[in-house]
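To start, the structure under review is shown below, and the notes come after it.
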Amino acid sequence: MVLVFERLLVSNTKINAKNISLRQIFDAVPRLDVKSILSMEPIGQELIIHGWVRNFRSNRFIALNDGSSINNFQLVIDFEKFPEEVIKRISVGSCIKATGKLNPSLGAVQKSELVVDTLDILGDSDPALYPLQPKKHSLEFLRDIAHLRFRTNTFSAIFRIRHAVAFAIHQFFNDRGFFYLHSPIITASDAEGAGETFQVTTLNLDKIPRTEEGEIDYKKDFFSRPSNLTVSGQLEAELAALALSKVYTFGPTFRAENSNTPRHLAEFWMIEPEVAFNDLNDNMDLAEDMLKYVIQYILSNCSEDLKFLNDRDQEEQKQKPQQERNEFSLLEKLDFCLKNNFERISYTEAIEILKNSNPNKKGKFQYPVEKWGTDLQSEHERYLVEKHFKKPVILYNYPKEIKAFYMRQNIDNTTVAAMDILFPGIGEIVGGSQREERLEKLESRMKEMHRPIQEMYWYLDTRRYGTCPHAGFGLGFERLILFVTGMSNIRDVIPFPRYPGNAEF
Ligand code: 4AD
Ligand code: MG
């Protein structure tokens with residue numbers, strides 16, 4: 001064992017010891033992933049490698065990928081040493097295990113390559129049937145084979161970045177003393193009150209039980225009451241924040257809105273921090289800090305994947321007419337976001353800008369902006385961010401009529417302490433507010449908005465016992481991934497998208 005350990009230390013100077021399990025140290029030959037191997041100095045050391053064949057050319061060079069890196073690793077085989085039947089089974093998509101020696105590569109592209117001694121085909125892949133070939137496939141085509149698209153460069157990069165962003169978010173909150181709260185997925189409340197919930201039931205839809213009055217008898221349903229998938233964990237997060245002070249949720253949320261757009265999913269992940277004693281300004285600071293932290297984290301930790309997506313995006317831009325091309329490359333956009341303060345303006349100021357804007361005057365908006373109080377459409381949000389300010393914008397103090405019941409009413413009696421963060425190319429990425437902590441004000445707003453006061457006694461109890469100012473927001477995880485990967489359709493940044501008419505895989 002000492003010998004093996006020494007060999008690892010001597011020959012693999014750069015590999016991270018955390019990548020090697022104890023069993024591998026005891027094994028005579030270490031099994032390493034592509035990422036680790038690519039960082040090693042090649043001095044003829046023996047290795048085991050597993051992965052999927054991306055390309056096989058001249059019956060000699062295998063480009064192998066195991067998902068640990070955007071880069072493939074080259075294996076070289078002397079085809080005269082292997083039976084023809086084995087050589088034939090090395091095809092794009094097949095899975096192999098190889099042992100061999102890591103030598104400096106003679107090719108210009110790579111530093112090292114594995115000269116193969118033994119080769120096992122773990123899984124064949126019939127080239128006549130395998131849908132992925134070493135060429136560019138359209139995103140639409142890949143969406144139809146989402147079960148296989150992980151095996152492409154683009155999607156492996158996206159999902160590695162998705163992981164890194166999730167990790168960075170947990171790290172950000174953990175470092176600041178927040179507690180990760182698991183809010184329920186099945187609930188009886190519609191937090192946003194928008195009525196866009198997916199019902200959860202075990203009732204037999206062919207034989208729905210009825211009461212004597214002919215109503216559906218929910219007493220016979222699983223929870224003895226109507227229930228649904230959560231649209232937001234906010235209300236539960238508020239309950240916890242009024243004891244733990246700083247909490248956040250990070251989980252799936254569900255909306256049965258019939259929105260067939262590149263920004264909406266029926267199942268998406270949301271991060272919802274909730275902080276006791278924070279006001280609207282603290283809330284904006286927290287959101288801006290978090291977004292910048294995440295962007296900095298992936299710039300530092302995902303540089304190869306980002307570079308790949310950046311180049312991919314540049315290629316895409318070239319196909320577009322000049323006026324539709326992005327002003328910034330993906331990397332420039334991320335850097336810009338990091339270095340500049342987000343513009344903070346009130347809803348009222350935004351309406352003035354929009355009213356006087358060229359597209360509004362020339363009738364170019366689908367929804368003209370005429371009066372204070374109208375809800376902003378994504379065309380308006382994108383005008384503010386992409387044309388007017390050319391940077392992320394935080395809009396605050398919205399009319400109470402267009403916002404949820406729980407937002408804190410401002411002294412003017414017409415606006416609430418809400419804030420939305422708008423990002424270039426995305427529109428709304430964050431929605432949040434200071435919460436109404438005053439019992440009477442909250443109750444009267446709930447009455448006005450026909451919210452069930454009796455049923456929501458648990459929410460109101462926090463205002464009855466030891467209420468305090470508090471604030472929070474919701475960040476749409478996939479919208480953030482869209483932004484940092486430069487992709488344009490939200491269906492391409494979640495493994496298996498759910499949207500109207502689709503729940504495949
Ligand atoms: O603005 P929303 O609806 O706010 C809430 O749910 C609050 N309870 C949040 C809070 O204050 N704790 O949603 C928050 C964010 C949006 O800004 C958007 O990024 C994302 O969630 N989002 C969606 N993402 C993908 N598909 C959808 N259908 C989305 N709906 C909202
Ligand atoms: Mg919103």
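Numbering of residues begins at 1 and proceeds along the displayed sequence. First listed ligand is number 1; within each ligand, the first listed atom is number 1.
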NZ or CZ of Arg143 within 45° of Phe141 ring axis and under 6.0 Å: no
Mutual orientation of the aromatic rings belonging to Phe365 and Tyr383 [parallel < 30°, tilted 30-60°, perpendicular > 60°]: perpendicular
Any Ser433 heavy atom less than 4.0 Å from ligand 1: no
Whether Arg498 lies under 4.0 Å from ligand 1, heavy atom: no
Distance from atom 1 (O) of ligand 1 to nearest protein heavy atom, with residue and atom: Glu428 OE2, 3.0 Å
Residue from Arg160, Arg162, Lys35 passing salt bridge (Lys or Arg N to Asp or Glu O under 4.0 Å) with Asp305: Arg160
Charged tip of Arg491 within 45° of Tyr499 ring normal and under 6.0 Å: yes
Contact check: Leu475 vs ligand 1, nitrogen or oxygen atoms, below 3.5 angstrom: no
Under 4.0 Å to a heavy atom of Arg263 - the qualifying atoms of ligand 1, by number: 25 (C), 26 (N)
Atom indices of ligand 1, in the order listed, that fall short of 4.0 Å to a heavy atom of Val430: 17 (O)
Proximal atoms of ligand 1 relative to Gly432 (non-hydrogen, under 4.0 Å): 11 (O)
Taking atom 26 (N) of ligand 1 as the reference point, the nearest protein heavy atom with its distance: Leu265 N, 3.0 Å
Option whose closest heavy atom lies nearest to atom 11 (O) of ligand 1, chosen from Glu274, Met419, Arg435, Glu196: Arg435
Heavy-atom gap Tyr406 to ligand 1 smaller than 4.0 Å: yes
Pair Phe328 and Phe336, ring centroids less than 6.0 Å apart: yes
Shortest protein contact, atom 3 (O) of ligand 1 (heavy atom only): Arg255 NH1, 2.8 Å
Option of least heavy-atom distance to atom 31 (C) of ligand 1 (set: Phe268, Phe477, Phe473): Phe268
Check: Phe150 ring centre within less than 6.0 Å of Phe496 ring centre: yes
Nearest non-hydrogen protein atom, atom 14 (C) of ligand 1: Met270 SD, 3.4 Å
Output field: ring centroids Phe342/Phe389 closer than 6.0 Å: no
Closest approach of any protein heavy atom to atom 15 (C) of ligand 1, naming residue and atom: Gly474 O, 3.6 Å
cation_pi(Arg463, Tyr459) dist<6.0 Å, angle<=45: yes
Quiz item: cation-pi between Lys403 and Tyr398, 6.0 Å / 45°: yes
Atom 12 (N) of ligand 1: the protein heavy-atom neighbour that sits closest, reported with distance to 0.1 Å: Glu272 OE2, 2.7 Å
Taking atom 4 (O) of ligand 1 as the reference point, the nearest protein heavy atom with its distance: Glu192 OE1, 3.9 Å
Atom 19 (O) of ligand 1 - nearest protein heavy atom and its distance: Ile429 O, 2.8 Å
Pair Glu436 + Lys441: basic N to acidic O under 4.0 Å: no
Ring center gap for Tyr180 and Phe173 short of 6.0 angstrom: no
Arg435/Glu274 ion pair, N-O < 4.0 Å: yes
Heteroatom proximity flag, Ile490 to ligand 1, N/O under 3.5 Å: no
Within 45° cone of Tyr293 ring axis and under 6.0 Å: Arg176 NZ or CZ: yes
Row check, Phe405 ring normal vs Lys447 NZ/CZ: under 6.0 Å, within 45°: no
Atoms of type N/O/S from protein, distance to the Mg ion (ligand 2) below 2.8 Å: 1
Contact check, Glu257 vs ligand 1, heavy-atom distance below 4.0 Å: yes
Region of Arg479 that comes within reach of ligand 1 [heavy atoms, distance under 4.0 Å]: side chain
Distance-only polar pair, side chains of Asn228 and Asp190, donor-acceptor under 3.5 Å: no
Nearest heavy-atom neighbours spanning Val393 and Leu384: CG2-O, 4.3 Å
